[in-house]
Amino acid sequence: MAPTAADNAFVEFDRVQKSYDGETLVVKDLNLSMPRGEFLTMLGPSGSGKTTCLMMLAGFETATHGDIRIGGTSINHIPPHKRGIGMVFQNYALFPHMTVAENLAFPLEVRKLGKSEREAKVQRALDMVQMGKFGGRRPAQLSGGQQQRIALARALVFEPELVLMDEPLGALDKQLREHMQFEITRIAHNLGITTVYVTHDQTEALTMSDRVAVFDDGRIQQLAPPDELYEAPQNSFVAQFIGENNTLTGVIKSIDGGRCAVQLDSGEVIDAMPVNVSKPGERTKVSIRPERVEINKSRLSPDAHTLKAEVLEFIYMGDIFRTRLRVAGREDFIVKTRNAPDQVRLQPGTTIEIGWLPEDCRALDA
Amino acid sequence: MTDTTSQSGPMLAADGTPLKKSLHRAQRRQKVRALMLIAPLLLFILVTFIAPIFDMLLRSVENDIVPDTLPRTVVALQDWDNASGEAPDEETFRAFYTDFALAEEQKAHTRLGSRLNFEMSGISSVFRSTGRDVGKFDTDYYTDQFVDADEVYEDPVQWSEWMADDGVASALPQTADAYAGWVKVLNEEGDDPLDEDIPDFVYTALYHDLAAGANPPVLPSVDVSGWDDISLKEQFIDSNEDWADPDIWATIKAFSGPYTAGYFANSIDLQSTPEGFAQRDEDERIYIKLFIRTMVMSLAITGMCILLGYPIAYLLSHLPARKANLLMILVLLPFWTSLLVRTSAWKVLLQNQGVINDILVWIGIVSDDNRLALINNANGTIIAMTHILLPFMILPLFSVMKTINPSYVRAAKSMGANDWTAFWRVYFPNSVPGIGAGSILVFILSIGYYITPELVGGVDGVFISNRIAYHISSSLNWGLAAALGSILLVLVLGLYYVYDRVVGIDNVKLGG
Ligand SMILES: Nc1ncnc2c1ncn2[C@@H]1O[C@H](COP(=O)(O)OP(=O)(O)O)[C@@H](O)[C@H]1O
Ligand SMILES: [Mg+2]
């Protein structure tokens, strides 16, 4: 095989398309390249094609167009059982007619491992997920969280280099989910395996991943590490989808290097950083994170543009205060402030002036 | 875990009553409601299902007719040794005379004859011929003698007064017994004993009582010492010489209890002999063979249904819902036509000059003078019944397969199992409950099937149920039919038990 563009790429999607019905493309031009050992999350709303991508990688769906490569080899014509990919399914897919140990031994059996070796590996995998004593149970006798651990152990027991997980924590309650998020990343990093993880939960994506691919409409909207994704969304979909976000709409008045002036629909002009806008007159959505809004005018530079805001609601949330404002004609403008001793608690009905650093205000496509 | 029930004694509800009690009270209303909801069905099942089954079980051992019809004979026969090789003594024939004459009054002797005919063929005609003669026995001699001695012996009113007298009744036990029997029969028939002539057998009993030295009060004394002694044994043998055959009496004696194992013995090819039950002759054994054939062929049909139904159900369960529903209608199509029509269609297709043989000959697979015998034998039954019962296999299989999550097979493949291993180790075990449910349905249905084997089974393709139907509608041997049915029921329950042991009954799913 000729070396590919990204030489250190382990998993590659090369202009992959997928259509189920021959009329609509569920995946429209997917390009992705993952180095060995990376934990990559596919994040996106339901129906955006994440599972489809995973299934193409696993071999249960065939790409309509394009190439999928693992370790430089095209796998388009390799049947699923020869791909050596570990999988964790959303419903865990533990075989109900086998005990936990038999479930784990299954991939080793089909690989014709000897009995003693099998047992040792099964026990090691069970210990790894702290389920060492549950080998004799049936899946139905386990709680959801325990089943989840077993499914994870089963996907890892035959030591695959690549593991795929499709919303594996979707059925767990919040606390267990957070605990398992930690467990999964710990194990994945300890074993050094490459992981493709699918979720629609952005918190999960942000906390677990090395990189996140945000899916929408059959395309990757942005592929970036979590911090970059949150702080520097490349388009308005990503800005909306990741974290909480205030959006104001307007028209570009002027662009000058790293700065632009945006005239809001309500008339005011604000400073922003142009991200994917190019020329004056273009419509734009500006996006400001609630925690980057400054309510203390003295902390802003004197020439900064400010906006008038009327306080509508003050919500005490413990660690933070969440204040809803009327800004530029919109009533859903949120400001988050830290609960610090010197922090002011804004009273509903009062009018204040708010502003932000221009680099925190991103002018995105409309 | 910490102990939450640290208080001693029962848990108490808020109002101080024990928690169990108040829970019970709270649930009672619900229970009553539930009971009322199922009451109509429960009643229906009780009347139309449980009761008939119970009745059937009872009928298979019931033998009231012999002790009810021949109560005196049954007692008298107790002392008779059936290995003696001789008919019973005169004493027994006297009892038999009274019984028989009473039975003849009600025509019960023909029913009894038919009943005993099941145990020994030919008895029925003996009973019927003697039934015609019993009124013409020479015992009218006694009647004439008594009436000649005193006119008052002819008067039914007098008789009724005499027999009401305790002294008379105890002095003349046989007479009182015969008279009471006669009165009972008349009452049942709505006749007045005060208007009817006293029958010969009562005079006969009176003679025997008096001849034995009885000295009754009230009755006008009659000296019977010089009278002829008429042997009832001879009378019966004159009527039909088979009464001299000890085998008849052995049969009556063997079936004289209110319950009998005879029907069951018959059902498993045993017959009663003086030495007890023994196997029938080789060529007379039919039922065990039929039971075995019914089981084997039902198993064969079940097996065929699994083989043919499994791939269909698999296909259906993997198709999109719309196509699956369309095909499902085709699967159910056979239900739209009458069973008789379908079975008759098979006759047309399968017969020697039928469509299938014609095609096979035309293709050249079989030669013209070597056409396959596909009908009027076991082949016909298996083919037609597999066709008829196939939907009962496909439906549960389909609904179980529908519930098998496709991710199981995907998981297996992702772990390195090839298509076959993934199917065999993962998919198939999860579809076994459907096979179980379908097999139980098909097997139980086919074990009791009767129309199809009757129509296409010929001689060696009929089932035990055809025999049961025959005994119910043609030979009228309901006891034997009931015994055969009971054995079938027990066999099915036994298989059910074995199935539960081997596969587990909770491993049967009709879907969901
Ligand atoms: N087997 C299938 N046949 C036809 N359409 C499908 C199939 N699986 C998924 N789709 C469609 O493809 C789109 C993407 O689905 P999916 O990949 O499951 O999205 P996600 O996992 O992101 O929720 C959806 O519109 C869905 O309806
Ligand atoms: Mg999905």
So if I take each residue of residues 132-168 of chain A and look for any heavy atom under 4.5 Å from a heavy atom in chain B, which residues do I end up with?
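The list, in residue order, reads A/R154, A/F158.
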Contact residues of residues 86-102 of chain A (partner chain B; heavy-atom separation under 4.5 angstrom)
A/M87, A/F89, A/N91, A/A93, A/L94, A/F95, A/P96, A/H97, A/M98
Just checking A/Y20: does its OH atom have more than 12 heavy atoms from other residues, nucleotides or ligands closer to it than 6.0 angstrom?
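Buried by this count: over 12 neighbours within 6.0 Å.
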For A/R111, is it the side chain, the backbone, both, or neither that has a heavy atom closer than 4.5 Å to a heavy atom of chain B?
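Just its side chain gets close to chain B.
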For residues 382-391 of chain B, run the donor-acceptor check on the side chains, cut-off 3.5 Å, and write out each pair with its distance to 0.1 Å, sequence neighbours left out.
from	atom 1	to	atom 2	distance (Å)
B/T386	OG1	B/I382	O	2.6
B/H387	ND1	B/W346	NE1	2.8

Between side-chain atoms of residues 410-419 of chain B and protein atoms elsewhere (two or more places apart, or another chain), which donor-acceptor pairs fall under 3.5 Å?
from	atom 1	to	atom 2	distance (Å)
B/K413	NZ	B/D419	OD1	3.4
B/S414	OG	B/A411	O	2.8
B/N418	OD1	B/W420	N	3.3
B/N418	OD1	B/T421	N	2.8
B/N418	OD1	B/T421	OG1	2.7

